[in-house]
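The structure appears below as structure tokens.
Proteins come first, then strands; the chains are lettered A, B, ... in the order of their sequence lines, and each starts at number 1. Since we're looking at a predicted model, the values are computed, not measured.
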Amino acid sequence: MPPHRYTPALANEIELAWQDRWEAEGTFHTPNPVGRLSEGFDRVADRPKAFLMDMFPYPSGAGLHVGHPLGYLGTDVTSRFLRMDGHNVLHPMGYDAFGLPAEQFAVQTGQHPRVTTEANIAAISAQLRRLGVDHDPRRTFATIDPGYYKWTQWIFRQIFEAWFDPETDRARPISELVTELDAGTREPAEGTLPEGRTWVQLSDVERRRVVDAHRLAYLHQAPVNWCPGLGTVLSNEEVTPDGRSERGNFPVFRRPLTQWMMRITSYAERLLTDLDRLDWSDSLKQMQRNWIGRSTGARVRFPVSGETVEVFTTRPDTLFGATYLVLAPEHPLVGELTADRWPEGTDPRWAAGADTPAEAVAAYQRQASRRSELDRQAEGREKTGVWLGVTARNPLTGADLPVFIADYVLTGYGTGAIMAVPGEDARDWDFASEFGLPVVRTVQPPADFDGGAYTGTGPMINSSNEQLSLDGLDKAAAIAKVTEWLVATGAGEATTTYKLRDWLFSRQRYWGEPFPVVYATDGEDADLPIAVPESMLPVLLPDVDDYSPTTFADDDADSQPEPPLSRATEWTTVELDLGDGPRRYRRETNTMPNWAGSCWYHLRYLDPGDDERFVDPELEAYWMGPREPGDVGGVDLYVGGVEHAVLHLLYARFWHKVLFDLGHVSSEEPFRRLVNQGYISAFAYTDARGFHVPAAEVVEEGGQFRYHGELVTREYGKMGKSLKNVVTPDEMIAMFGADTFRVYEMSTGPLDQSRPWETKAAVGSQRLLQRVWRVVVDEESGAARAADVEPDDDTSRALHRAIEAVRDGMTTLRFNIAIARITELTNHLTSACPPGTPVPRSVAEALVLLVAPLAPHLAEELWSRLGHTGSVAWASFPVADPQWLVDDTVEVAVQVNGKVRAQVAVPADADAAALEAAARADERIAGYLEGATVRRVVAVPGRLVNFVLG
RNA sequence: GCGGGAGUGGUGUAACGGCAGCCACGCCAGACUUAGGAUCUGGUGCCUUCGGGCGUGCGGGUUCGAAUCCCGCCUCCCGCACCA
């Protein structure tokens with residue numbers, strides 16, 4: 001073997017040396033325009049900025065497999081490209097380190113979660129460094145750092161001390177609400193005043209309750225997802241569709257409990273409409289739209305025995321067809337409406353075998369609360385419910401409508417009550433069939449319609465009386481007309497509703513951010529939260545002996561949450577002076593959910609050491625501010641997995657908008673452009689018993705797969721320990737070096753595409769880098785082959801075409817294209833400049849610059865062997881000379897009736913007439929045209945000629 | 001059920017509406033070698049009577065021209081799902 005060949009051993013040597021040098025020289029220190037990190041800013045002051053970010057990892061003990069770095073490498077290549085192309089690039093990395101896995105590990109081992117978490121962070125950080133990523137090491141942090149979560153608590157305080165003003169459609173400080181309430185210029189929001197009282201009549205404590213009910217972060221007793229198996233409550237987003245916990249797969253029950261909530265629903269409309277201003281994939285936007293779930297329709301009020309039941313419907317046009325009402329079992333009016341006894345002749349199906357309506361209702365409510373969502377599904381969609389023993393009056397027809405409760409109506413969506421129209425709604429039809437309720441069709445189904453609920457379109461029928469006629473109208477016209485009637489008679493109005501619910505924000509866990517909240521220990525205000533003053537932040541997480549929340553039997557729905565912090569008794573009670581003298585308080589013992597820390601970390605990268613502010617407004621404006629009026633601003637490229645499509649991304653957008661409203665940031669959105677990287681999947685193999693065998697030891701023989709000679713079955717799926725198919729970056733680096741690993745990982749497809757892993761295919765990337773090396777370095781002597789000679793025209797054309805295509809691939813995140821064009825150029829140079837001949841310096845240098853973002857260590861080494869002393873990371877990326885992008889002559893296809901019959905060479909600037917003449921001159925084409933009638937000639941300069949024969 | 005996306009060689013993929021399969025893996029052959037999981041060179045969609053013919057899931061349409069645009073099917077992937 002030649003002494004100076006680019007082998008894996010040499011690659012490793014080069015890589016380690018350059019990684020040390022980058023660190024020592026601070027090559028990837030990104031200067032801020034002002035403040036602590038501004039040293040060196042003059043070097044980049046005239047550059048445009050680019051802020052690139054990855055979704056930061058959770059430091060689990062398992063470390064990284066080859067799938068994890070895909071996105072990190074995508075941003076790294078982009079970051080390096082943009083730096084070379086004249087941007088001031090910010091590409092930081094941090095760790096999302098609070099959360100369940102670390103806590104569970106702590107519970108098992110008795111070791112503090114901080115210890116294991118920090119060890120895991122160190123391990124992953126070393127793995128990332130070995131990949132050669134260009135993160136600014138000064139900007140890294142973890143969400144568990146007190147210097148970070150101090151500001152998470154500070155932001156919570158901002159949200160707590162704010163309310164949403166529906167008139168201006170934005171959050172405002174709560175003090176402004178109090179001022180307006182005191183001045184009488186604003187009425188408290190609906191439902192926040194005690195019955196029959198006004199603001200001026202209230203005591204101080206009563207006023208505090210009213211104000212608290214307006215806050216964006218508020219305590220609320222409501223049905224929540226209680227998971228006895230985990231000993232904690234969960235957000236809707238953390239519960240799977242079959243009613244189990246996303247983590248641990250335990251049953252989840254709906255239980256009324258007092259918990260912290262965040263009023264994200266106030267932002268539903270803005271979260272929805274601002275999606276249009278973002279550069280995100282359509283599918284991702286659609287997922288958020290579906291989650292927000294906007295529906296337009298009407299509220300309609302139905303009188304029921306002295307009360308009013310308000311329903312939400314998207315089909316007010318079918319009001320003539322409403323034949324009964326259904327309330328959710330948890331609806332607040334159920335108790336009041338329930339009749340004392342069953343009327344004569346009550347249908348036994350409606351009474352469910354109970355002696356009185358109250359008994360039937362109580363039994364049904366109990367059953368509904370205990371039934372997990374899973375049970376509901378297991379029973380299919382069979383409709384159940386009971387009658388309350390009362391009827392409502394249809395405001396339009398005056399008809400009596402029996403009022404039921406049933407669990408197919410959900411509390412928390414719309415008004416938690418519906419008008420049932422069995423003729424046009426499948427669920428209502430099923431219920432009506434089950435309970436023998438009448439059906440009135442109000443939309444004419446087509447002649448061949450074979451029964452059931454008709455949900456299609458058609459002219460209105462059976463919809464007329466002395467008050468109103470909708471007959472013959474189409475859906476839109478009928479909705480408009482009936483809505484007008486509802487408003488005129490006071491029976492309802494048009495409205496919009498959302499599927500999005502407020503965000504359940506407290507958890508009964510140890511390993512999370514403590515709330516900066518205390519309560520008085522006695523008095524009538526003892527249940528009212530008080531925010532800990534800014535000066536007392538952070539509220540540090542205390543040490544405890546036992547990290548586990550009290551858990552219960554999976555199915556113990558009646559159990560009560562007992563957070564671990566409630567056992568830290570010397571922490572939970574505290575004497576503070578909050579302005580009115582020292583007083584004893586008890587601390588909030590819930591902690592924040594895992595999502596809190598990731599809601600704002602993009603802002604903290606701008607200067608994680610700032611102890612005065614959560615972010616310097618000047619830095620925020622520079623790195624994230626809008627580029628022109630109306631621009632949303634935000635991170636320029638955010639890359640991460642699609643699994644965060646609704647949870648993290650919705651929460652982070654919400655927090656960012658609150659901070660925007662309160663004037664703390666100038667950007668309206670956190671992430672301007674977002675790309676979901678694909679997944680790397682892998683083959684796994686099972687033996688005859690169905691057990692997984694080590695994938696690395698399986699060999700293919702004639703289309704069959706064998707493990708130690710034994711026939712095995714191939715499966716395709718995730719990479720995982722249990723499937724015995726994990727490949728780690730460390731293994732790849734040992735086998736090939738980090739640069740080969742990077743190039744291979746980037747060469748297998750566009751960044752957003754999923755792809756299968758195939759370790760042995762990486763030799764292709766290895767060969768490419770070896771050829772690049774050989775073009776620049778003489779393998780025998782180790783000397784650079786570059787010489788000051790002019791490249792020939794073919795080489796210049798190959799070079800400049802490659803430059804153009806590589807730039808395109810880099811900006812569109814299609815690194816596979818960039819690598820393919822680099823390969824073509826390299827292959828050209830390999831044959832144009834065989835060993836022993838000189839390589840034009842301008843071409844060799846350009847090649848090194850082209851590969852630098854992809855294989856940075858190799859590029860640094862070659863750049864220095866070419867005589868440069870500075871880092872290639874800061875060299876200028878080549879720009880294509882347009883002169884070399886066009887050929888003097890081009891080969892043009894000649895078609896006859898759309899089929900290619902010949903190639904002719906013509907000058908590149910030949911016009912249509914010249915093209916046609918050249919084509920006709922071709923012998924073969926002349927043969928085709930002879931004796932035929934040419935009906936039409938299409939000649940596209942530079943592309944082709946097509947003769948259409950008659 | 002509703003919504004979104006995708007179907008191209010044995011594999012990963014590439015093609016401003018303009019010569020389908022760039023670049024790789026694999027495979028075949030050769031060179032250099034004591035050897036090769038090294039390196040280099042060439043070949044590799046299918047059929048063929050060697051003229052050519054057929055090929056981008058299937059069927060239609062628009063167009064001089066369709067992998068690409070439109071319509072209808074089929075298959076696969078993802079998300080949501082009793083949301084009134």
Side-chain angles (χ1 to χ4, degrees), chain A residues 1-2 5 7 241 281-291 293-295 297 311-315 318 326 373 376-377 380-383 406-410 412-421 424-428 430-431 455 497-501 642-643 645-646 676 700 703 735 743-744 747-750 753-768 770-771 774 779 805 814 816-824 826-827 830-831 834-835 891-903 935-940 942-949:
Chain A
M1 193 199 291
R5 170 152 295 172
T7 59
S281 73
D282 288 339
S283 62
L284 195 64
K285 288 184 185 180
Q286 201 55 42
M287 281 164 74
Q288 292 227 336
R289 283 191 197 105
N290 291 343
W291 193 265
R294 179 190 153 108
S295 305
V311 308
F312 172 73
T313 178
T314 55
R315 295 293 303 274
T318 62
V326 186
E373 301 280 335
R376 285 205 210 176
Q377 288 233 330
R381 305 224 159 145
E382 235 167 73
K383 296 292 180 285
D407 63 8
Y408 84 92
V409 173
L410 308 174
Y413 180 73
T415 62
I418 61 155
M419 63 177 211
V421 186
E424 278 91 33
D425 183 282
R427 296 153 300 184
D428 296 344
D430 293 344
F431 189 87
T455 55
T497 191
Y498 303 88
K499 278 194 234 177
L500 185 69
R501 314 289 164 87
V642 71
E643 69 272 16
V646 285
N676 292 125
E700 185 178 358
M735 236 183 298
V743 170
Y744 173 63
S747 73
T748 46
Q753 189 167 314
S754 292
R755 73 273 324 249
W757 182 259
E758 198 184 355
T759 297
K760 63 181 180 180
V763 303
S765 303
Q766 171 82 6
R767 289 173 188 152
L768 168 63
Q770 282 179 335
R771 292 198 297 274
R774 201 174 309 118
E779 287 192 319
R814 297 184 305 162
N816 53 325
I817 305 288
I819 293 166
R821 298 293 87 83
I822 288 171
T823 308
E824 281 180 329
T826 306
N827 292 349
T830 298
S831 51
E891 287 271 301
V892 164
V894 184
Q895 298 181 333
V896 176
N897 286 338
K899 292 203 189 301
V900 179
R901 297 299 182 186
Q903 301 283 334
R935 284 179 41 213
R936 185 170 171 188
V937 181
V938 181
V940 183
R943 296 228 174 263
L944 54 45
V945 185
N946 187 12
F947 292 99
V948 185
L949 305 185

Separation of B/C80 P from A/W291 CH2 (nearest whole Å): 6 Å

Which nucleotide in B/A20, B/C25, B/G12 has an atom nearest any side-chain atom of A/V900: B/A20

Mind telling me if B/G51 is syn or anti? Syn here is a glycosidic angle within 90° of 0. syn

Of B/U39, B/G79, B/U13, the nucleotide closest to the side chain of A/R774 is B/U39

Hey, does A/S281 reach any base, or is it just sugar-phosphate, or nothing, if we go heavy atoms under 4.0 Å? nothing

Which part of the nucleic acid does A/R814 contact within heavy-atom distance under 4.0 Å: base, sugar-phosphate only, or nothing? sugar-phosphate

Whole angstroms only, please: what is the CZ-P distance between A/R767 and B/A24? 10 Å

Using only heavy-atom distances, decide whether a donor-acceptor pair under 3.5 angstrom links the side-chain of A/N946 to the base of B/C64. yes

Identify whether the glycosidic angle of B/G9 places it syn (within 90° of 0) or anti. syn

Determine whether a donor-acceptor pair (one donor, one acceptor, N or O, separation below 3.5 Å) exists between the side chain of A/R943 and the base of B/C19. no

May I ask you to verify whether the side chain of A/E758 and the base of B/C25 hold a donor-acceptor pair under 3.5 Å? no

Could you tell me the separation between the CD atom of A/Q288 and the P atom of B/C80, rounded to a whole number of Å? 12 Å

Rounded to the Å, how far apart are A/N897 CG and B/G52 C1'? 17 Å

So, does the side chain of A/K383 form a donor-acceptor pair with the base of B/C82 at under 3.5 Å? yes

Short question: side chain of A/Y744, backbone of A/E758 - any donor-acceptor pair under 3.5 Å? yes

So what does A/Q903 touch, heavy atoms closer than 4.0 Å: a base, only the sugar-phosphate, or nothing? base

May I ask which nucleotide in the shown strands pairs with B/A6, Watson-Crick or G-U wobble, both distances under 3.5 Å? B/U75

Report the distance from atom NZ of A/K760 to atom C1' of B/A38, rounded to the nearest whole Å. 17 Å

Nearest-Å distance, CZ (A/F431) to C1' (B/C82)? 12 Å

